[in-house]
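Working notes, structure below.
Letters A, B, ... are given to chains in the order of the sequence lines, protein chains preceding strands, and every chain is numbered from 1. Remember, predicted model here, so these are calculated numbers, not experimental data.
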Number of protein chains: 2
Amino acid sequence: MADPIPKKPAKISTEPPRGMRDILPDEAELRDTTAETILGVYRRYGFRRIETPALENIQLLTRGEGGENEKLIFKVLKRGEKLDLAQATSEADLVDLGLRFDLTVPLARYYANNQARLPRPLKAVQIGPVWRAERPQKGRFRQFTQCDIDILGIRSEVAEIELILATTEALTALGLEDLTVRINDRRLLTALAAWCGFDPDRYDSAFITLDKWDKLDPTAIVEELGRAGHAPVAIQRMVQMFTKFDKGEGLEGVRQYVKDPDGAQAIDGLKRIIEAVRSASGRPIVWDETLVRGMSYYTGPIFEITSARFPSSIAGGGRYDRLIGNLLGHDVPATGFSIGFERVVAILMDRTGGIERRAKRVALVFDEATADLKPVLEEARALRAQGYDVSLELRAKRSGAQAASLREQGFDVRWFGAAVPPAGDQA
Amino acid sequence: MADPIPKKPAKISTEPPRGMRDILPDEAELRDTTAETILGVYRRYGFRRIETPALENIQLLTRGEGGENEKLIFKVLKRGEKLDLAQATSEADLVDLGLRFDLTVPLARYYANNQARLPRPLKAVQIGPVWRAERPQKGRFRQFTQCDIDILGIRSEVAEIELILATTEALTALGLEDLTVRINDRRLLTALAAWCGFDPDRYDSAFITLDKWDKLDPTAIVEELGRAGHAPVAIQRMVQMFTKFDKGEGLEGVRQYVKDPDGAQAIDGLKRIIEAVRSASGRPIVWDETLVRGMSYYTGPIFEITSARFPSSIAGGGRYDRLIGNLLGHDVPATGFSIGFERVVAILMDRTGGIERRAKRVALVFDEATADLKPVLEEARALRAQGYDVSLELRAKRSGAQAASLREQGFDVRWFGAAVPPAGDQA
C-alpha cells in the first residue's frame, strides 16, 4: 500500500491494442447524444432496454449461427485449476469464454434464459460494444458499438412495420436525410430460385451473386454463376427474370413465378409492410428484388435503410423465426433491425466535427492564490443552476493560450476575482 | 446463406457465464437513468466524456499498478499465426490482450497516448464495464460498471474540492441522503507512521491494520500489529495516538506528530478542502484519521463518501500523482473519484423495484385482422407527439392476462378499433 511505486522507464507502448481506438471528448460526447437520441425514439415506440454480459460461454458463440463472425472471436483463457497447459492439445482445451461478436446470438440466449420474467411479446432495445478480430482497415475497428431493436413473439408483419417506422424515425431525429427503405423476403428469393431451377442445396451461392446485381452487368452475372457451376438453364432464367424486374415488373408481376404458399405469403406480407409504412410515414420504401443480406438465420422479410448521400447501408435487419428455437426447443417468431452505429457516428462527425454544445459552457478562471474559495464556488453554483456547464480553471501562466484552448472546447471564458485577463480579454 | 439451420437439441446452457448476469428491462432502464443523472451533473461541472477500449495489451495490465486486481484478469488468447500451442511453455506465450479491471490504468495510458490532442488540464468522466475473475458471491459480479471522474494536470487541492462537490451533488441528484465525506491524506499517514517509529518498508502493513480501527478494539489492534512483527514501541505509540484522536484531537492537534514538510502540507491541504467543501455545499465532511484506501498508487488526499443508511462506502478516490508518470516518463498530477455504480443501482432497485416511468406509457391494443393499419399507426404517432411512450400490441386470445401484464409494465391499456376489451376494461 504505502510502497512507493518504483519509477519504470516508459518503454511500454501507450497505443490501444491493434485495431482498437481511444475516443476523444468531442466524439465521445457526440456518441452519447447519438445513443440518447436513438434510445429516446425507441422508448417512445415502447421498446424496453435490456443488457447481456460482454462475455458468453464459448459453446454458445460457436454453434454456427454467427457464420463467418465465429472465426473472428476473441477467446478468453481458462483460469485457475481449469487451465492445464501441459495437457492441452488444442485451442478448445484452453478457452471457456469469448467476447460477443454481435447482439443477436446473446439475445437468443437471454430470451431462452429469462422468458418467464420477460414481457410477451418482448420488444427489446440493446446498445453496446461487440468485438471481432478482423483485419484492421480504415473505418473498421475490432471493437465497435451495435444498436439493435428486436421484437420476439410476433409472427405478424406488424412487427416489421414497427421496426421500420421506429428506425427511420430514429435516423431522421439524428438529422440523416434522403432515407430509403429497401425490403425483400428470403421466402420469395427461395421461390424464385426454385422457379429458375437452381439446385436447392446451392441457393445461397446463387444469392451471393444476385446480391451484386446493382454492381455487375448481366454478362458478368452469367459468368460468375457459370464459374460457380450452376446449371446454364437456371442461370438464363434468373438473368431474364431479374432484367424484367429492372424494367419495373413490381411485386404483383412476380406472382407468376411463385409456386409455393410460403412464397405467396411473402408477397402478401411485403405488400402489407410497404403499404403501411408508406401511409404512416410518407417515406420511400421499395421492394428490392436483389436484396439478400448475409446472415444464414433469416427466414422471412429482410430490409435495410440506405441514403442517396452515403455509399453503404445505414441499418439492416430481418426476420429470424428459428434462431431462438434452436436454444429453446420450440420456435419463437422474431425479427430485428440493427443501426450501423459507427457509420452513423462517422457521418455526424464529418458534418459537425463532434462539437456539440449541450448547454452553454463557461470556464471560470481564478487565481490559485485566492485564499477564500467560497465566492468562486458560489458563482459556479449559481451559473450551473442557470443551466450552464461550468468548469473551474486555475489561471495558467500563459493565460492567453489557456483562454484560446478553452474557447476551442466551446467554453465562454470569464476571469474571476483577482485573475487578470490577458490582453484583449475582458474580466 | 439460404442453408436452413439444422435444428439442434436444446442441450446447451442458456445461463450467462459464471459470475455474470442478464439485466432485465426494469433494471436496465434504472441503470440508464442513473448513468444519465450522474453524467448530467458531471457535465455541469465541466467534465468531458472519454472512452477507451475494453481490451488492453496484457503488458499494460500487468505492471503492478493494479495490485490484487492483476490476478483477476480475463486474458485473451492470441489469434492466427501468433498462437503457437506446440511451442508455448507458459500462459504468457498464449495471451496478448486482457479485459480491463478498472478505468484508472486505461486512463493513464489514454492520457499518455493522446495528451497532445487533449485539453489541459483534462477533466474526464468515464463510465463503462470492467471485468474481474473474482470468486462469485452475492452482490458481486465478474462484470460490473464503474463510473470515474479524474482531473489530470492540477496539483492544487482545487481539484479535490471539485471532485468532492461534483460527486456529492451527483449522489444527491439520485436521491441518496445522509451523505458524509471522509477524507485523509497518504502523506499524513506516512508522517504519523514515521513518528511512531514503524519500519519505513512496512508502513503498508501497519496501515492495513489501522484501516480496521472502527471495527476492532485497541487490544485487538495491538495483537494484530504484534503478530505482523511490528516493534512494540511503535505499536504502543500508534494506539495511544489514535485513541487520543478518537477523543476529538482534530487536525491541528496532529501537527505535533508531523516532522516532515510533506506531512505538514497534507494538513494544510486537508484543512483547505474541508473548509471549501463545507462552505460551498454545507455538507458534512470530516477528517477520518484511519481512512487508508487500498490502492498502492495513491500519493496525497484520499476520500470516500458513506451514508449512515448503508454499510459500505458509495464512492471513493484519491490523488495519484505518479501513476501517469510511470508511462509518460514525467509526472502528471492526477486525482480521481469513483462512484460504486453497482452499489448505487442496488440501493435504488431496493427502493423503487426499478419501475421508472420516464413518460406515460400507452399500449394500443388492436386486432390482427385490421385490414387498414393506417388509423392505428396514426393514433400511435399522435400519442407519441404528445410525449407518450406508445407500444402497439396485437390483441391476444387471453386479453385479460395480456392487459394485466401490460399494466404491470407500466402501460395504460387502450383498446383500438375492433379490438374488444376483456370484461372490466374500457375501450
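- Looking at B:L392, the atoms closer than 4.5 Å to chain A (heavy atoms on both sides) sit in the backbone and in the side chain alike.
- Among all heavy-atom pairs drawn from B:A28 and A:R49, the shortest one is CB-O, 3.1 Å.
- Between the OG atom of A:S156 and the CG atom of B:L373 there is a distance of 7.5 Å, given to the nearest 0.5 Å.
- With no hydrogens or angles considered, no side-chain donor-acceptor pair links A:Q402 and B:R120 at under 3.5 Å.
- A distance of 10.5 Å separates CG of B:N326 from CD1 of A:I12, quoted to the nearest 0.5 Å.
- With a 4.5 Å cut-off on non-hydrogen atoms, B:L165 touches chain A through its side chain but not through its backbone.
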| said: Does B:L97 form a side-chain contact (heavy atoms from CB on, under 4.5 Å) with A:F74? I'd like the steps, not just the answer. | reply: CA-CA 9 Å; B:L97 302 171; A:F74 285 99; 3.8 Å; yes
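- Heavy atoms of B:L377 lying under 4.5 Å from chain A belong exclusively to its side chain.
- Put simply, of A:I73, A:T52, A:T299, A:N114, the one with the most heavy-atom pairs under 4.5 Å next to chain B is A:N114.
- The residue among B:A133, B:P119, B:S405, B:A88 with the most heavy atom pairs within less than 4.5 Å of chain A is B:P119.
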| Yes or no on side-chain contact (heavy atoms from CB on, under 4.5 Å) for B:L77 and A:E91, after CA distance, side-chain angles and deciding distance? | CA-CA 9 Å; B:L77 203 66; A:E91 209 180 89; 3.2 Å; yes
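- Of the atoms belonging to B:V158, it is side-chain heavy atoms, and not backbone ones, that fall under 4.5 Å from chain A.
- For chain A, the option among B:L383, B:N113, B:V362 with the highest count of heavy-atom pairs below 4.5 Å is B:N113.
- In this structure, no portion of B:P129 lies under 4.5 Å from any heavy atom of chain A.
- Residue with the most contacts toward chain B among A:K71, A:R109, A:K374, A:K123: A:R109 (heavy-atom pairs, distance under 4.5 Å).
- Each of A:M20, A:E162, A:R117, A:Q59 has some count of heavy-atom pairs under 4.5 Å with chain B, and the biggest count is that of A:E162.
- For B:A54, the parts sitting under 4.5 Å from any heavy atom of chain A are the backbone and the side chain alike.
- Chosen from B:I154, B:L99, B:L72, the residue pairing most often with chain A at heavy-atom distances under 4.5 Å is B:L99.
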| task | Evaluate side-chain contact (heavy atoms from CB on, under 4.5 Å) for A:V76 paired with B:K75, printing each intermediate quantity in order. | result | CA-CA 6 Å; A:V76 170; B:K75 295 174 182 168; 6.0 Å; no
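- With a threshold of 4.5 angstrom between heavy atoms, B:L406 does not approach chain A through any atom at all.
- Chain B forms more heavy-atom pairs under 4.5 Å with one residue of A:V125, A:T89, A:L55, A:L394 than with any other, namely A:L55.
- Heavy atoms only, all atoms of each residue included: B:Y45 and A:R384 are closest at CE2-NH1, 2.8 Å.
- Of the residues considered (B:P16, B:A276, B:G46, B:A280), B:P16 shows the highest number of contacts with chain A, using heavy-atom pairs under 4.5 Å.
- Put simply, of A:E15, A:E169, A:R381, A:E56, the one with the most heavy-atom pairs under 4.5 Å next to chain B is A:E15.
- For the atom pair A:D372 CG and B:R272 CZ, the distance stands at 10.0 Å (nearest 0.5 Å).
- Of all heavy-atom pairs spanning B:N57 and A:P17, the tightest one is N-CG, 3.7 Å.
- The shortest heavy-atom contact between B:R48 and A:E29 is NE-OE2, 2.8 Å.
- Taking CG of A:D22 as the start and OH of B:Y111 as the end, the distance is 14.0 Å to the nearest 0.5 Å.
- Considering every non-hydrogen atom in both B:L118 and A:L24, the closest pair reads CD2-CD2, 3.7 Å.
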